[in-house]
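Below: the structure, in structure tokens.
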Amino acid sequence: MPEGPELHMASRFVNRVCCGLVFSGSVEKSAVSKNTEVPFQCEAYIISAQSRGKEVKLTLTPVKVEDVSPSATDGKAGSPGQMDIIFRFGMSGSFELAAVEEIPKHAHLRFLTRRCPRQVLCFVDPRRFGSWAVNGSWQPARGPCVMLEYEMFRQNVLTHLSDNAFNKPICEVLLNQKYFNGIGNYLRAEILHRLKVPPFERARTVLEASLHKEPTDELTLSKKVKMKLENPDILELCHLLPMEVINLGGKGYISDRTDGSSAFAAWLRCYDVSGMQTLRDANGRTIWFQGIPGPMAPKGSRTPKSKSQKKTKLEEDEKHSVANEGHTAKKRKRKVEQQRSPAVPEDGPQRNGQNTKAAAGEQEAEKPEEAQGTRRRSERNRRKPAAELLPMSETPAESGRRKTRAMKSRKK
DNA sequence: CGTCCACGTCTAC
DNA sequence: TAGACCTGGACGG
């Protein structure tokens with residue numbers, strides 16, 4: 001679910017559904033979660049939320065049992081017994097409100113209401129990359145929120161342009177949360193696409209162009225405003241695009257993007273859009289773009305197809321079963337067979353094997369059992385270093401379709 | 001069945 | 001700068 005917009009919408013969701021709810025008791029953590037217990041216990045408390053970039057803060061505020069009026073729930077910071085919990089969502093975190101009888105799978109932290117019908121606010125996170133910290137504050141290494149602290153965000157970038165961080169390609173820097181707190185993989189693609197900025201152009205180069213657009217005195221105020229509205233620079237887009245997603249009113253990425261009918265899917269112009277190109281950046285993340293990749297593009301890196309791409313390709317294959325160059329398909333995929341440099345494998349030891357018995361007992365999942373000690377399972381999915389697994393005799397086309405995640409490990 | 005892919009950090013060489 | 005950390009959906013054989 002989670003880039004800045006989804007985190008922000010999650011905080012609004014919590015404030016909306018918890019308005020008027022009184023919670024009680026202790027906070028339950030699933031047995032499987034490796035995150036810390038939340039040592040909070042209270043007869044009656046309320047929950048409110050705030051977001052900043054890719055974090056959400058829940059505030060638990062004790063209230064008098066007999067007084068649940070809004071005035072009592074206005075909880076200033078520092079109310080006695082108050083607790084803040086900072087959440088990061090990883091790849092799959094979200095908040096849900098459910099009836100106690102219907103607690104969703106993967107609900108790793110649970111807040112129970114005091115009165116019937118008993119309900120539960122759940123932090124749900126299937127992949128468990130998410131985390132929370134008790135009585136912490138916003139992660140200090142993260143910069144200002146691109147959505148809610150725009151001016152600070154902008155200044156933070158512009159005053160640190162000499163930082164070595166900006167030597168990297170712009171598409172990678174946009175994921176640096178020290179400067180772009182809230183931007184994630186789909187937002188970086190959309191931002192760069194709107195400006196037609198090559199993703200692997202050096203970040204400082206791109207941003208200095210932005211700096212030059214700072215208001216100049218020759219223009220009247222209204223003209224400056226007009227220009228800004230019509231030609232937002234990259235830092236403005238880092239604010240405006242997340243705001244657009246928020247204003248779609250859906251749940252952002254979470255809503256079923258693949259069915260193409262959601263407002264969010266329609267909003268995307270580049271990310272996961274048929275016809276766009278993809279590459280892996282230096283961190284192995286897929287960057288979606290159109291046009292030239294830019295001077296700092298990694299050599300010989302390519303991404304396999306996304307779900308939607310595969311789907312499209314399948315449809316086309318059916319249409320073109322006669323093997324001609326039909327022109328019916330509107331959404332023709334670019335079938336760049338980006339000539340890759342041939343895999344240069346030292347044929348090392350064949351280490352494939354490696355099938356550890358994936359433990360049978362797997363069901364334990366979210367039961368409050370001990371549940372630890374099932375880490376054997378993950379070995380099945382582990383990415384192989386793979387470079388040495390490439391047969392040298394492979395055709396370029398075939399090797400081109402191979403997983404390239406490991407390729408970055410190949411010293412070019 | 002197996003492989004690949006996904007909205008993100010983290011930390012260990 | 002590689003993995004590690006996870007589950008689950010879509011595909012391919």
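Letters A, B, ... mirror the listed sequences (proteins, then strands); counts begin at 1.
Checking the phosphate oxygens (OP1, OP2) of C:dG8, a side-chain nitrogen or oxygen of A:K105 falls inside 4.0 Å. Within the 4.0 Å cut-off from OP1 or OP2 of B:dA6, at least one side-chain nitrogen or oxygen of A:T286 is found. A:R280 has a side-chain polar atom (N or O) that falls below the 4.0 Å cut-off from OP1 or OP2 of B:dA6. Neither OP1 nor OP2 of B:dG8 sits under 4.0 Å from any side-chain N or O of A:Q177. OP1 or OP2 of B:dG8 has not a single side-chain nitrogen or oxygen of A:R127 nearer than 4.0 Å.
Spacing between atom CG of A:L7 and atom P of B:dG8 amounts to 9 Å, rounded to whole angstrom units. For the pair A:H108 NE2 and C:dT7 C1', the interatomic distance rounds to 9 Å; values are reported in whole Å. Regarding A:K178, its NZ atom lies at a distance of 17 Å from the C1' atom of B:dC10, rounded to whole Å. Summarising the geometry, the separation between CZ on A:F89 and P on B:dA6 is reported as 21 Å, rounded to the nearest angstrom. Distance A:D272 CG to B:dA6 P: 9 Å, rounded to the nearest Å. When the P atom of B:dA6 is taken as reference, atom CG of A:L175 falls 13 Å away, rounded to whole Å. If you take CG of A:N35 and C1' of C:dC5, they are 12 Å apart, rounded to a whole angstrom. In this entry the distance linking CD of A:E3 with P of B:dG8 reads 4 Å, nearest Å.
Residue ring and base: A:F129 counts as stacked with C:dC5 (centre distance below 5.5 Å, interplanar angle below 30°).
Heavy atoms of A:R142 sit under 4.0 angstrom from primed sugar atoms or phosphate atoms, though from no base atom.
Classification of A:E43 and A:R114 as a salt-bridged pair holds, one side-chain N sitting under 4.0 Å from a carboxylate O.
Side-chain contact of A:N35 with A:S131: a donor-acceptor pair under 3.5 Å is absent, judged by distance alone.
In this structure, A:I86 CD1 and A:R52 CZ are separated by 9.5 Å, a value rounded to the nearest 0.5 Å.
Closest to the side chain of A:Q139, out of B:dG8, C:dT7, B:dC10, is B:dC10. For A:R88, the side-chain atoms get nearest to B:dC10 when compared with the rest of B:dA6, C:dG8, B:dC10. Each of B:dC10, B:dT9, C:dT7 was ranked by its minimum atom distance to the side chain of A:K54; first place goes to B:dT9.
Between A:R188 and A:D281, the shortest heavy-atom contact is NH1-OD2, 2.8 Å.
Between A:S131 and A:N185, the residue anchored nearer the 5' end of DNA chain B, judged by the nucleotide with its closest heavy atom, is A:N185.
Straight-line distance between the P atoms of C:dC5 and B:dC13: roughly 12 Å, to the nearest whole Å.
With contacts defined as side-chain heavy-atom distances shorter than 4.5 Å, the pair A:P5/A:L187 qualifies.
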